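First the structure, in the form of structure tokens, and then the observations on it.
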There are 2 protein chains.
Amino acid sequence: MSLPKSEEQLMQYLWQTGPSFMKDLIDAYPDPKPASTTIATLLKRLQDKGAIGFKKYGNVREYHPILKKEEYFSKHFNGVIKNFFNDSVSQFASFFASDKNLTDAQLDELQKIVEAQINQRKK
Amino acid sequence: MSLPKSEEQLMQYLWQTGPSFMKDLIDAYPDPKPASTTIATLLKRLQDKGAIGFKKYGNVREYHPILKKEEYFSKHFNGVIKNFFNDSVSQFASFFASDKNLTDAQLDELQKIVEAQINQRKK
DNA sequence: AATTGTATTCTACAAATGTAGAAGCATTGA
DNA sequence: TCAATGCTTCTACATTTGTAGAATACAATT
């Protein structure tokens with residue numbers, strides 16, 4: 001399932017802050033905030049797609065993600081890698097590691113993470 | 001510049017195989033191939049956006065990318081990371097490294113790449 | 001109970017995207 | 001020369017996405 005940007009953005013809020021009420025979502029938007037009905041529409045569409053659900057507390061709904069962030073991202077991401085790097089993870093990794101946007105410190109951190117992961121798998 | 005999927009796909013062909021004639025592009029599409037006019041439309045739109053250019057050989061055009069793959073991907077990609085991982089590279093790397101889609105061999109390779117990159121920067 | 005504030009649904013519409021037919025033009029092969 | 005072929009542009013239209021007004025529903029408050 002690939003979500004349009006506006007819906008994806010809304011999912012971000014839900015993923016980051018967890019179950020939320022409409023007003024929280026509105027608060028989360030930066031100025032200039034969209035009309036509340038706009039957000040309501042997005043919520044509706046996401047419900048229709050089964051990406052979110054809600055729990056009723058009295059008459060207010062607390063929305064929560066059903067679609068998992070990791071799951072969504074993983075699919076998304078694998079598609080991107082496949083497209084851009086011919087499905088070659090190492091080609092991608094190479095690109096990523098040499099990205100100017102990575103600071104030296106981040107690169108070191110990346111190294112640690114990879115090592116940790118390798119060790120963990122050995123077990 | 002963010003391209004719609006269909007245009008992005010076309011760019012992939014150009015990025016991968018380099019300057020190409022229309023017929024090559026058509027060949028590159030898997031069955032069921034879209035109508036040639038569909039591809040022509042995409043080429044036109046990409047020209048209008050300045051993402052591709054062409055050279056005339058006689059009366060046929062050889063299309064080539066102007067927008068660089070790395071440049072495009074970098075922007076695209078940073079946006080995605082920013083959204084999903086709160087702009088935290090290490091959070092992303094961690095997710096990436098632990099992804100089940102990475103084989104052990106690929107992980108080893110990643111380690112080498114990171115090391116090589118670190119060494120290179122030391123120079 | 002009437003008022004007010006807020007959430008929800010319905011409806012609408014503009015812009016972007018995906019897809020392709022029709023027509024025109026140039027080249028090539030009969 | 002003329003028909004067939006292939007490319008380009010123009011036009012068109014359905015679908016999806018972004019955005020929001022209008023109407024409605026509910027619930028807390030006065």
Side-chain angles (χ1 to χ4, degrees), chain A residues 1-14 17 19-67 72 75-76 79-80 83, chain B residues 1-14 17 19-67 72 75-76 79-80 83:
Chain A
M1 173 174 6
S2 173
L3 303 173
K5 295 205 182 309
S6 61
E7 289 169 27
E8 195 179 288
Q9 187 186 13
L10 193 42
M11 290 302 289
Q12 295 296 342
Y13 291 125
L14 288 178
T17 58
S20 313
F21 297 97
M22 171 125 206
K23 71 185 214 63
D24 301 321
L25 295 172
I26 293 179
D27 286 349
Y29 276 80
D31 290 314
K33 294 183 192 305
S36 65
T37 51
T38 299
I39 296 174
T41 300
L42 298 178
L43 287 170
K44 190 64 168 43
R45 289 180 183 168
L46 285 168
Q47 283 171 63
D48 293 346
K49 293 179 186 175
I52 65 174
F54 61 84
K55 230 188 197 172
K56 272 197 136 168
Y57 286 105
N59 75 320
V60 284
R61 298 176 178 187
E62 188 188 46
Y63 294 95
H64 60 85
I66 289 176
L67 177 61
Y72 180 75
K75 280 209 185 68
H76 204 49
V80 172
N83 278 331
Chain B
M1 172 173 6
S2 172
L3 302 173
K5 293 202 184 315
S6 62
E7 289 169 27
E8 194 179 288
Q9 188 184 13
L10 194 42
M11 290 301 288
Q12 294 297 343
Y13 291 124
L14 289 178
T17 57
S20 314
F21 297 97
M22 170 127 209
K23 72 186 214 62
D24 301 321
L25 295 172
I26 293 178
D27 286 350
Y29 275 82
D31 290 313
K33 294 183 193 306
S36 65
T37 50
T38 299
I39 297 174
T41 300
L42 298 179
L43 287 171
K44 191 67 169 38
R45 289 181 183 169
L46 285 168
Q47 284 172 60
D48 293 346
K49 293 178 187 175
I52 65 174
F54 60 83
K55 230 188 199 172
K56 273 198 134 166
Y57 285 105
N59 75 319
V60 283
R61 298 178 179 186
E62 189 188 45
Y63 293 95
H64 60 86
I66 290 176
L67 177 61
Y72 180 75
K75 280 210 185 69
H76 202 50
V80 173
N83 277 331

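Order of the sequence lines sets the chain letters (A, B, ...), proteins ahead of strands, with each chain counted from 1. Everything numeric in this text was worked out from a predicted model, so none of it was measured.
Contact annotation for A:Phe54: no contact, since no heavy-atom pair falls under 4.0 Å across all strands. At the heavy-atom level, B:Thr41 lies under 4.0 Å from base atoms of the strands shown. Looking at heavy-atom distances under 4.0 Å, B:Ala40 makes contact with a base.
Distance from the side chain of B:Met22 is smallest to D:dT8 among D:dT8, D:dT9, C:dA20. Closest approach to the A:Thr37 side chain among D:dT8, C:dT8, C:dA26 is made by C:dT8 (side chain taken as heavy atoms from C-beta onward).
For the pair A:Thr38 and D:dA20, the criterion of a side-chain N or O lying under 4.0 Å from OP1 or OP2 is met. Between A:Tyr57 and D:dC26 there is no side-chain polar atom (N or O) within less than 4.0 angstrom of OP1 or OP2.
Remark: P of C:dA7 and CZ of A:Phe21 are 11 Å apart, rounded to the nearest angstrom. Between the CZ atom of B:Arg45 and the P atom of C:dT19 there is a distance of 10 Å, rounded to whole Å. Spacing between atom NZ of A:Lys44 and atom C1' of D:dA25 amounts to 15 Å, rounded to whole angstrom units. Regarding B:Asp24, its CG atom lies at a distance of 13 Å from the C1' atom of D:dG6, rounded to whole Å. Distance CG (B:Asn59) to P (C:dC25): 14 Å, rounded to an integer number of Å. Between A:Glu7 atom CD and D:dT16 atom P the separation is 12 Å, expressed in whole Å. Between the CG atom of A:Leu25 and the C1' atom of C:dT6 there is a distance of 14 Å, given to the nearest Å. Atom-to-atom, CG of B:Leu42 to C1' of C:dA16 comes out at 13 Å; the value is rounded to the nearest Å.
The CG atom of B:Leu10 sits 10.0 Å away from atom CG of B:Leu3, with the distance rounded to the nearest 0.5 Å. How far CD1 of A:Ile66 is from CE of A:Met11: 8.5 Å, rounded to the nearest 0.5 Å.
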Checklist entry - Yes or no on side chain to side chain contact (heavy atoms under 4.5 Å, CB included) for B:Tyr63 and B:Gln47, after CA distance, side-chain angles and deciding distance? => result CA-CA 9 Å; B:Tyr63 293 95; B:Gln47 284 172 60; 3.5 Å; yes
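A:Arg61 contributes no side-chain N or O that forms a donor-acceptor pair with the base of C:dT9 under 3.5 Å. Not a single donor-acceptor pair, N or O on each side, falls under 3.5 Å between the base of D:dG18 and the side chain of A:Ser6.
For the pair B:Lys44 (side chain) and B:Ala40 (backbone), a donor-acceptor distance under 3.5 Å is absent.
Nearest heavy atoms, B:Ser36 versus B:Met22: O-CE, 3.3 Å.
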